[in-house]
Structure formats: structure tokens, C-alpha cells
Amino acid sequence: MPKFYLTTPIYYPSGKFHIGTAYTTALADTIKKYKQARGYDVYLLTGMDEHGQKIQQVAEARGKTPQEHVDEMAEEAKKLWKLMEIDYNDFIRTTEPRHEKVVEEIFDKLMEQGDIYLSEYEGWYCMPCETYFTETQLVDGKCPECGREVKKMKEESYFFNMKKYANRLIDFYNQNPNFILPESRKNELFNNFLKPGLEDLCVSRTSFDWGIKVKKDPKHVVYVWLDALTNYITALGYLSEDDSLMQKYWPADVHIVGKDIIRFHGIYWPIFLMALNLPLPKQIYAHGWIMMKDGKMSKSKGNVIYPEALIERYGLDAFKYFILKELSYSQDGTFTPEGFVERYNVDLCNDLGNLLNRTIGMINKYFNGKIEAFPQNTSTLDKELENFSNGTIHSVEEYFDTYHISQAIGETWNLVSRTNKYIDETTPWVLFKEEKMEELQSVMYHLVENLRRIAILISPYMVHTSQKILSELSIPQELKNWESMKKYDEIKNIKVTEKPEVLFARLDQEEEIEAIKNMMK
Ligand code: ME8
């Protein structure tokens, strides 16, 4: 079985997780479910990045020790992933001994081979981002990443010799043009960081102690990015007694990250791996941000909407549908209550829900709920729909394979619309009146077949809706899997449900917009 290893970032437990964090995780989980449906052995890693000055400060503000704080947050995170039915294989925490021990060793090894050296660091430090910037990187004297105040700081630090590896990384980029996705982000990294010449990276701190101590110089703690990035291999047992997962799954097929952390994943991480003499990940995909009307949603900015409230009121499938559809491959998306309610009513309730209800209603009315077999004679309209839907499967797969999840969803909804249009074109009620029962039977067959395909196409992100559709149509088990979708003539002797359940009840627009606004307060 081919293997596929994918990861989410490990998130900072600095506050409750919002829909941005949920987005990356839902995206990774969708890719996992898709790959599994295509026959891959998939390993999905997520976790938490628990060290650093900011976590220490947040814990202190809550009157907790950092360890108590991160323990609580890890429970919260796992609760959220359970609610979202995230099927992760491992949840790594950087405070676990299995991680700390290996990071100590990695640091030691890099020091011994001369890649890490002691010097002094002076620069502009952004506390919330835990990142130093050079004078020229600042925007109007503020942090170029979050726009907040920065402070001039100086400390004795260990540095990683990035310059030594810069040319090798440039060669790697040139030989692997799809290493960083989307291409626009690769160009940004290349032009803004690699081309002007890489600065060595500061990899230790003495200004706080909530971190992994440098074994040979314990007044230093390992700077949070060297600590954090290595989670992708420590979780697989790198340098530990049992490294069978490392043998099996490394290199990662894809690291999924937000665009805010592409610099760390696209430059520093591959260089650390080169220094450790390990293969580089195959791809790094950086998605955009979910924005709010007033800019980027962030835990530290306080303009946040949380997943739990939306899931509780509208269900998991509607929540995932919205967020995954809203962020198109390389673009940002916007969360607005109006947008959410509209997508729910139009795409889910009107387009998909009605298609299922109309189809089941007609099969019951015209044929006592039964579909016997693939029709003997197919009309031009039938054939057109079949061709359209063959094309949909093809492009959905292509989009999924290249992480264009929103586009894959869009293609699927084009098939939903096309199938609704097919009802209007074939006018089953007229066929019934004119007693053209053979033609009518054929139309019903094609409707069921396309609903079956739609249900399978949405199964990586709308698990419940998919199962409901397949069960209401009483599709047999062997026709529920991805590969079976490519057949078009195998449904036989089925009897659809007499009373279809409403998939998505129509929302009162004003009332629900108000309800969502209240969730944001
Ligand atoms: O950066 N829209 O953790 P973090 C979309 N610990 N995605 C968003 C988002 C938004 N508005 N806000 C956050 C860290 N994200 C480090 C990572 S990895 C070795 C260490 C998502 O908690 C997005 O994936 O700040 C982003 O990259 C990540 O959360 C940042 O999470």
C-alpha cells in the first residue's frame, strides 16, 4: 500500500483555538480521508507547540504554572479535534520527554558538527511572534508579521549557520519546482529571503527558561522554532529506540501550514534536515488566512469566532463545508455571518438538500421507491449528464491531489447544479403524465447514480451527509467506495427510503445572522 505522511502545524496553546486553527486541521483531515479513499496508508500528525516566552506569560497571567496551563490546553485541543472528528494518528506535545530528549540530542549534534556556534544577537524582537527582525524588515518601525510594537534586544545566543546551506537550498528549489505550494509563495521566499542572502538564525535564548535546555550550556533554552519544527520527526521516533515509524513514513509527503509560517517551513526546516542528513519533505503547502471584516483573526487580537458554537448550531458538515469552500487554494477567505447563512441556505439546503428530496419523492411517487437496473435506452440528455459527471470525478481528483480543496468542492457543486438542471430539462412530471415510463425510469436511474457519485465525492469532508444520502438511497456497500464511483451502470434493485430526512433545514436569514453575530461577542 502506498504511504502518505501529512502534518498540521503544532499550534501554540496561547488561547482557545479559533476557526483559523480549525481550518488547517480540517483541511489536513480532509486530505487524509481523501487519500485513504484512494487506497493510501495515511499518517496524520498534529500537536502543540508548548514552549516559549509567550506561553510562559499567558500561564502566569492565568495564575498557573506553564505546565499546568499547557496540560489544560492540550485537553481542550483534543476535545475540539474530537468534536470535529479529526482522525489524527498522533498528537505530539513539545513538553513530552520523547520530544525534549531528541531535541537536546539534535542540538548537541548540530553543535558538535559546527553548524551551531555561540555569538551575540541584537535585533528587534516581536514578543507575540517570538521572532527577531532586522531593521530593514520592520514595517513603519513595527513587526512586519503582526504589526505590533517591537523591542530592541541583545543577548548571548547560539546561531545556526544558515549561510553554509543556502546554495544547496537554492539548488533544491530549482530541482524541485513544486516543493513549495502555491508557486507565488515559493517566489516570495526565493526573492525576499534566499536571493538577498540568508542570515544565520538565532537558535537559543537566555531571556526566559520555559523551553528545552541546551545540554552543554543550560542557561540557554532552545529557541522555539528549532524545538517546534523537529516535532515532525520526533513524533516518528527519530533518534529513539523504536524508529520504525520514521523508517516507514519519513519524508513527509506534505506539511500543511498557514502562509504566516511558510518562511520557517520553506527555509529553516529544509536546512535543519540537510544538516541532519535527512531527506527533505516532498511538499509544503501554505494556505491563506480566514479574515474577518476588520482584518486577520487572531487569538491575540480578540476578533475571533470559535468552531464549537458554529458546529453546535449548524452541524459539523455545514461548518466544514463553509470553511473549506471559503479559502481558495492560494487566497484568503472571509468569514461573515451573512456569507455563512447564505452558503448554508443556497448550496446545502436548496441545491443539495432539494436534489435529494426531489429525487426520492419522485422515485416513490412514480415507481414505489424502486430502481431496477441501468436503462436499456439512454437519451441524449442522460448521456450529457453522464459525461458531465465523468468529467467532474476527473477534475475533483485532480484538485484533491494538488490540495485545491475549495475547487474540488466547487466542481462537486457544479455537478449538483447540473443534476438539478437535468430534472428541469427532462421534466419527469411530463413524462409521467404522458406515460413514458421507460424514459422516466431512465431519468430516475441517472438521478440516483449522480447523487451516489456526489455523496462519495463529498465523503472526505461531509462524512455524515454522505452517509445519509447513500443510506436514504439504499446504495449497497460495494457501491459506496471511491473506485466504485467510476462505474455508472451497476445499481440494481434498490428501494429508496419512503421518508427522506431533511439534510439541511432552511435557516431564517435574519435570525441566524443575529445568532452568529452574538457568537462573535
Ligand atoms: O505558528 N486563518 O502556531 P499558531 C487560517 N506554533 N489559518 C490560521 C489562522 C487564520 N486566521 N490563524 C491561524 C504557530 N491559522 C507555531 C507553528 S509548526 C512547527 C509551529 C493556522 O498557533 C495556520 O495554519 O500560531 C497557521 O499557520 C497556524 O494556525 C499558526 O498557529
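As the structure lists them, so they are numbered: ligands from 1, and atoms in each ligand from 1.
Looking at Asp253, its side chain never comes within 3.5 Å of a backbone N or O of Leu6 through a donor-acceptor pair.
Residue Tyr12 has at least one N or O atom closer than 3.5 Å to an N or O atom of ligand 1. Considering backbone and side-chain N/O atoms, Asp49 comes within less than 3.5 Å of an N/O atom of ligand 1. Distances between N or O atoms of Val257 and those of ligand 1 include no value under 3.5 Å. Taking only nitrogen or oxygen atoms, main chain and side chain alike, Trp225 does not reach within less than 3.5 Å of ligand 1. An N or O contact shorter than 3.5 Å is missing between Gly288 and ligand 1 by distance.
With atom 19 (C) of ligand 1 as the reference point, the heavy atom nearest to it among Trp269, Phe264, Tyr232, Tyr11 is part of Tyr232. Across the listed options Ile323, Ile290, Asp227, Ile290 owns the non-hydrogen atom lying nearest to atom 11 (N) of ligand 1.
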Less than 3.5 Å apart, which donor and acceptor atoms pair up between the side chains of residues 170-184 and the rest of the protein, not counting sequence neighbours?
| unit_1 | atom_1 | unit_2 | atom_2 | d |
| --- | --- | --- | --- | --- |
| Tyr173 | OH | Gly266 | O | 2.7 |
| Asn174 | ND2 | Ile170 | O | 3.4 |
| Asn176 | ND2 | Phe172 | O | 3.0 |

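Partner of His220 under the side-chain hydrogen bond (donor to acceptor under 3.5 Å, both in side chains) criterion, out of Glu156, Glu155, Lys213, Arg205: Glu156 alone. Tested against Pro337, the residues Glu512, Met520, Glu342 include a single side chain to side chain contact (heavy atoms under 4.5 Å, CB included) partner, Met520.
Relative to the ring axis of Tyr461, Lys320 does not place its NZ or CZ within 45° and under 6.0 Å from the centre.
To the nearest 0.5 Å, atom CG of residue Leu201 and atom CD1 of residue Ile267 are 10.5 Å apart.
Less than 4.0 angstrom separates some heavy atom of His18 from each of these atoms of ligand 1: 9 (C), 12 (N), 13 (C). Within the listing of ligand 1, atoms 1 (O), 17 (C), 27 (O) sit less than 4.0 angstrom from a heavy atom of Ile261. Close contacts of ligand 1 with Asp260, meaning ligand atoms under 4.0 Å from a residue heavy atom, involve 26 (C), 27 (O), 30 (C). Ligand 1 places these atoms under 4.0 Å from at least one heavy atom of Ala228: 19 (C).
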